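Just so you know, these numbers come straight off a predicted model, no measurement behind them.
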Amino acid sequence: MTRNRALRYGGRTLALATTAIGMIAAAVPAVAEEQPTTEQIMADCASGEGKCSFNAPEIGQAYLGEPRQVSELLYNCTASPASQSMAWADTVGSSHSVGGSVTVGGGIEGIITASVTATYNYTWQSSRTETSTFTVSVQPGEVGWISRSQVMQQMSGTWQTHYDDPKWGHYYWFVPDVITSPAPNGTDGKHNAVVVKSRKMTADEKKLCSSGAARGEVFTR
């Protein structure tokens with residue numbers, strides 16, 4: 001009798017737990033009508049309906065991101081080397097594996113900031129902008145530009161929703177996520193890199209140099 005009562009109690013407990021908690025894998029679409037997509041969960045986190053938290057964040061080692069063009073192109077249509085001071089600007093944002101970019105000022109950004117600050121006492125920023133000027137030197141018949149690489153970090157964690165009433169059959173949903181964000185210059189000994197790059201003009205670009213307006217000129221585009 002005691003054993004039967006214990007089994008019934010255990011079955012009831014399991015049923016309650018199943019109703020309370022749902023888990024979906026990152027970036028995996030819904031496989032049943034009652035199961036939400038990760039996009040739906042993240043939308044509820046952003047709006048506040050899901051009362052979300054970003055649990056157990058773990059910050060990985062910093063690394064240097066891929067270089068990208070941050071200035072205009074400088075064309076040298078003259079017969080001599082040319083140098084010109086050029087302004088550049090670069091804004092690097094954050095993205096996460098389950099929802100694309102992290103919007104500055106959005107609900108998701110605030111949740112991540114609060115979680116990282118509480119765990120590491122570290123001020124996380126979803127976006128970083130830098131501007132400066134650099135002298136670009138270009139040989140005759142070449143194109144030059146400024147390229148920049150930003151120090152980046154990845155942070156893993158799990159989103160947890162809490163609904164006042166069950167949604168998709170559960171009070172709680174859990175979604176693993178990996179957030180890729182710009183990090184402060186010098187993090188883990190990694191430093192942002194700004195370099196001048198150049199290449200030979202293409203056939204179409206050489207035609208620009210042959211036109212009356214650009215012949216014998218140095219110009220940006």
Side-chain angles (χ1 to χ4, degrees), residues 1-63 65-66 91-128 150-184 187-188:
M1 178 70 174
T2 302
R3 182 171 181 274
N4 289 338
R5 288 177 62 187
L7 287 174
R8 287 199 298 270
Y9 179 78
R12 183 170 178 268
T13 301
L14 177 60
L16 287 173
T18 303
T19 302
I21 298 174
M23 183 78 176
I24 55 179
V28 175
V31 295
E33 188 174 342
E34 283 76 1
Q35 183 171 345
T37 63
T38 55
E39 289 80 6
Q40 288 173 312
I41 292 293
M42 297 314 299
D44 282 356
C45 286
S47 69
E49 180 181 349
K51 297 180 181 178
C52 291
S53 59
F54 186 65
N55 298 338
E58 294 186 7
I59 299 179
Q61 285 290 311
Y63 63 94
E66 291 295 321
T91 298
V92 180
S94 298
S95 62
H96 53 150
S97 59
V98 297
S101 61
V102 177
T103 305
V104 176
I108 295 298
E109 182 191 40
I111 296 170
I112 299 171
T113 299
S115 177
V116 175
T117 300
T119 305
Y120 294 98
N121 194 27
Y122 161 72
T123 303
W124 176 84
Q125 290 183 311
S126 64
S127 177
R128 292 180 183 272
Q150 169 70 43
V151 177
M152 305 291 290
Q153 275 185 314
Q154 287 191 327
M155 176 170 55
S156 61
T158 301
W159 293 99
Q160 175 185 324
T161 65
H162 174 207
Y163 296 103
D164 292 331
D165 298 304
K167 191 169 185 179
W168 299 292
H170 300 286
Y171 286 99
Y172 299 93
W173 283 94
F174 296 87
V175 182
D177 195 7
V178 177
I179 299 166
T180 303
S181 309
T187 301
D188 294 335

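Checked by atom type, the side-chain pair S181/Q153 shows no donor-acceptor distance below 3.5 Å.
By the 30° and 60° cut-offs, the orientation of the rings of H162 relative to Y172 is parallel.
The line from OG of S95 to CD of Q154 is 8.0 Å long, rounded to the nearest 0.5 Å. How far OG1 of T187 is from CD1 of I59: 9.5 Å, rounded to the nearest 0.5 Å. Atom CH2 of W168 sits about 4.0 Å away from atom OH of Y163, to the nearest 0.5 Å. In this structure, CE on M42 lies 10.5 Å from OG on S47, to the nearest 0.5 angstrom. K51 contributes atom NZ, which lies 11.0 Å from atom OG1 of T161 (distance to the nearest 0.5 angstrom). The structure places CG of D177 at 12.0 Å from CG of N55, a figure rounded to the nearest 0.5 Å.
Closest heavy-atom contact between M152 and T180: CE-CG2, 3.8 Å. Pairing each heavy atom of A62 with each of D188, the nearest pair is N-OD2, 2.8 Å. Shortest non-hydrogen contact noted between P182 and V92 is CG-O, 3.4 Å. The two residues V104 and S127 make their nearest non-hydrogen contact at CG2-CB, 3.7 Å. Of all non-hydrogen atoms in F54 and S156, the two that sit nearest each other are CZ-C, 4.0 Å. Considering every non-hydrogen atom in both I112 and M155, the closest pair reads CG2-CE, 3.5 Å.
Formation of a donor-acceptor pair under 3.5 Å by the T158 side chain with backbone atoms of F174 is not found in this model.
Within the 4.5 Å cutoff, the side chain of W124 has no heavy atoms near those of the P57 side chain. The side-chain heavy atoms of R128 and P184, taken from C-beta on, include a pair separated by under 4.5 Å. Side chains of I108 and W159 form a contact here, defined as non-hydrogen atoms less than 4.5 Å apart. Using a 4.5 Å heavy-atom cutoff, the side chains of K167 and D44 are in contact.
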